[in-house]
Novice: 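Below you'll find the structure I mean.
What's counted below: heavy atoms across the whole structure, side chains too, no hydrogens, waters or symmetry copies. Everything quoted here is computed from the prediction, not taken from an experiment.
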Amino acid sequence: MKVPILDLNAQYKDIIDEIKHEINKVMDKHQYILGPQVKELEEKIAEFCNCDFAIGCASGSDALVLALMAVGVNEGDEVITTPFTFFATAGSVHRVGAKPVFVDINPKTFNIDPEKIEKAITPKTKAIMPVHLFGQAADMDAIMAIAQKHNLKVIEDNAQGIGALYKGKTAGTIGDIGTLSFFPSKNLGAMGDGGMCLTNDPELAQKLMKLRVHGEVQKYYHKWVGFNSRLDSIQAAVLIVKLAHLQNWSTARQKNAKYYFEQLSGLKQIVLPHIEKDCVSIFNQFSILAEKRDELMQYLLDNGIGCAIYYPKPLHLQECFSYLNYKEGDFPVSENTANKVISIPIFSELTKEQQDYIISTIKKFYSC
Ligand SMILES: *Cc1c(COP(=O)(O)O)cnc(C)c1O
């Protein structure tokens, strides 16, 4: 049996005709950039995420840069974030001329450890950027309390957490700005790149809307230096169709996760994901810590099971950040997690047969 890490064919087969129809509507009107579909999607995402404003842009990476610019992070400022995340989180901080300052993660949730944040705050700190990794929100109450005490902005990198809940609140709407990515492998994926910023602050919403069109406030009059980061109407049309299914898809992922928890909990060689009791994860990934991780990965691949390592090298050890002068051992929890973590298929259309095959293959690996 073959099980990919993500089966886009299975996801699209029932909705592809509807998507083609919506794309045709875009082609009939030729309003390809920020057209009516983008506005419609922004309204629908704001409603889905329970926030006042959603501003589309070209990617999740751009959404982070736009968010940093909007809250006024500038050259020389410091932004506190996690080293155990996709590169764009810290890359965006560098791109606005600020300095990423890393803080280690909680070993159970893999999210930034609020208890370690205050020690990293300096007079230059301007913002905290938690990531809701693998679909589970970071400890936002603790983070917001620190931000309020030290007058810092909070930008939530919610690329992996659309629709996740934290104490009943929607991830990405708790800080000043939250971001989304519509990269095809995210829970809501486009047929290309796309991203969005979420906020409840009308002034920030206005600024984000201008920054994505070079800071233009009136045709050819620029209040800020923004850049070109617009969402295509074709991508918005695809996303509108898919958004109607998102809740069901996330429920299916949660059901798949539950089955893994039931079937794999006795296996002492692996640690299953830990979901906090006041969090609802949307399981963008199902990431376990595994003994003999690299051998397990090879074994799964040899048996036709897709799996992946998110992420093999924490950001403080990346070559491009050597100027920050971090060294191995600085963030032991992140480093240890990077050495043991492996993500197995969790996509919505995964069948029970496929899941049983994955489960039995993992068990077989550890019994021989
Ligand atoms: C995917 C992702 C991004 C970047 O999104 P793109 O749309 O690929 O630019 C940023 N942060 C995290 C945590 C992500 O997973």
Side-chain angles (χ1 to χ4, degrees), residues 59-107 109-147 150-161 164 166 171-172 174-181 195 197-198 284 310-311 313-318 320-327 330-335 337-338:
S59 71
S61 302
D62 276 7
L64 291 168
V65 174
L66 288 165
L68 287 163
M69 290 170 84
V71 301
V73 172
N74 284 313
E75 224 169 298
D77 292 337
E78 294 177 359
V79 176
I80 293 174
T81 190
T82 159
F84 189 65
T85 174
F86 178 60
F87 179 77
T89 311
S92 67
V93 176
H94 175 102
R95 276 177 58 197
V96 299
K99 180 177 160 188
V101 172
F102 296 115
V103 163
D104 213 350
I105 55 169
N106 174 310
T109 63
F110 310 141
N111 283 322
I112 193 167
D113 186 346
E115 286 182 15
K116 297 183 177 144
I117 290 177
E118 274 195 299
K119 272 188 275 183
I121 293 173
T122 77
K124 291 180 177 169
T125 308
K126 189 79 185 239
I128 308 173
M129 194 188 261
V131 179
H132 305 319
L133 202 72
F134 302 146
Q136 172 172 227
D139 187 357
M140 289 307 293
D141 276 359
I143 292 165
M144 294 307 291
I146 295 165
H150 296 272
N151 195 23
L152 305 174
K153 302 292 182 188
V154 175
I155 294 167
E156 299 170 67
D157 182 344
N158 194 35
Q160 300 183 10
Y166 174 85
I174 302 165
D176 295 276
I177 301 176
T179 64
L180 299 175
S181 162
C197 291
L198 309 174
N284 178 244
Y310 307 115
Y311 295 91
K313 199 177 182 79
L315 300 188
H316 66 288
L317 301 176
Q318 297 288 341
C320 64
F321 288 139
S322 61
Y323 73 93
L324 295 171
N325 290 317
Y326 289 108
K327 58 183 188 314
D330 282 346
F331 304 109
V333 183
S334 296
E335 291 166 29
T337 305

Novice: Between Ser92 and Met129, is the side chain to side chain contact (heavy atoms under 4.5 Å, CB included) condition met? List the steps.
Specialist: CA-CA 11 Å; Ser92 67; Met129 194 188 261; 3.8 Å; yes
Novice: Can you find a heavy atom in the side chain of Met140 that is under 4.5 Å from one in the side chain of Glu156?
Specialist: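 Yes, close enough: below the 4.5 Å cut-off.
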Novice: Measuring only between side-chain heavy atoms, which start at C-beta, is Val131 closer than 4.5 Å to Gln160?
Specialist: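 Side chain of Val131 against side chain of Gln160, heavy atoms only: no contact under 4.5 Å found.
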Novice: Report the C-alpha separation of Val96 and Val79 in whole Å, then their side-chain angles, then the decisive distance to 0.1 Å, and conclude whether the side chain to side chain contact (heavy atoms under 4.5 Å, CB included) test is met.
Specialist: CA-CA 11 Å; Val96 299; Val79 176; over 6 Å; no
Novice: Do Leu133 and Asn111 come close enough that some side-chain heavy atom pair is under 4.5 Å?
Specialist: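 Counting from C-beta outward, Leu133 and Asn111 do come under 4.5 Å.
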Novice: With heavy-atom distances below 4.5 Å as the criterion, would you say the side chains of Thr125 and His150 are in contact?
Specialist: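 No; the side chains remain at least 4.5 Å from each other.
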Novice: Decide yes or no for Val333 and Phe110: does some side-chain heavy atom of the first lie under 4.5 Å from some side-chain heavy atom of the second?
Specialist: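 No, too far: nothing below the 4.5 Å cut-off.
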Novice: Using 30° and 60° as the class boundaries, would you call the ring planes of Tyr326 and Phe102 parallel, tilted or perpendicular?
Specialist: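 Tilted, since the angle between the ring planes falls between 30° and 60°.
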Novice: May I have the step-by-step check of side chain to side chain contact (heavy atoms under 4.5 Å, CB included) for Glu78 and Thr122, ending in yes or no?
Specialist: CA-CA 8 Å; Glu78 294 177 359; Thr122 77; 2.9 Å; yes
Novice: Search all heavy atoms of Cys197 against all heavy atoms of Leu66 and return the closest pair with its distance.
Specialist: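 Closest pair (atom of Cys197, atom of Leu66, distance): SG-CB, 4.3 Å.
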Novice: Where do Ala338 and Tyr311 come nearest, in terms of heavy atoms and distance?
Specialist: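 Taking every non-hydrogen atom into account, CB-O, 3.4 Å.
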Novice: Does the ring centre of Phe87 sit less than 6.0 Å away from the ring centre of Phe321?
Specialist: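 Between Phe321 and Phe87, the centre distance is under 6.0 Å.
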Novice: Taking all non-hydrogen atoms of both residues, which atom of Ala90 and which atom of Pro100 are closest, and how far apart?
Specialist: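 Answer, listing the atom of Ala90 first, then Pro100: O-CG, 3.9 Å.
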Novice: Mind checking whether Pro130 and Val154 have side chains closer than 4.5 Å, heavy atoms only?
Specialist: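 Counting from C-beta outward, Pro130 and Val154 do come under 4.5 Å.
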Novice: Do you know which of Ile128, Ile112, Thr82 makes side chain to side chain contact (heavy atoms under 4.5 Å, CB included) with Val103?
Specialist: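 By the side chain to side chain contact (heavy atoms under 4.5 Å, CB included) criterion, Val103 pairs with just one of Ile128, Ile112, Thr82: Ile112.
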Novice: Report the C-alpha distance between Leu324 and His316 in whole Å, list the side-chain angles of each, state the deciding distance to 0.1 Å, and finish with yes or no for side chain to side chain contact (heavy atoms under 4.5 Å, CB included).
Specialist: CA-CA 8 Å; Leu324 295 171; His316 66 288; over 6 Å; no
Novice: Which residue in the set Asp113, Leu317, Asp104 passes side chain to side chain contact (heavy atoms under 4.5 Å, CB included) when paired with Ser334?
Specialist: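 Single side chain to side chain contact (heavy atoms under 4.5 Å, CB included) partner of Ser334 among Asp113, Leu317, Asp104: Asp104.
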Novice: How close do Asp77 and Gly72 get, heavy atom to heavy atom, and via which atoms?
Specialist: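 Looking at all heavy atoms of both residues, the shortest contact is OD2-O, 3.8 Å.
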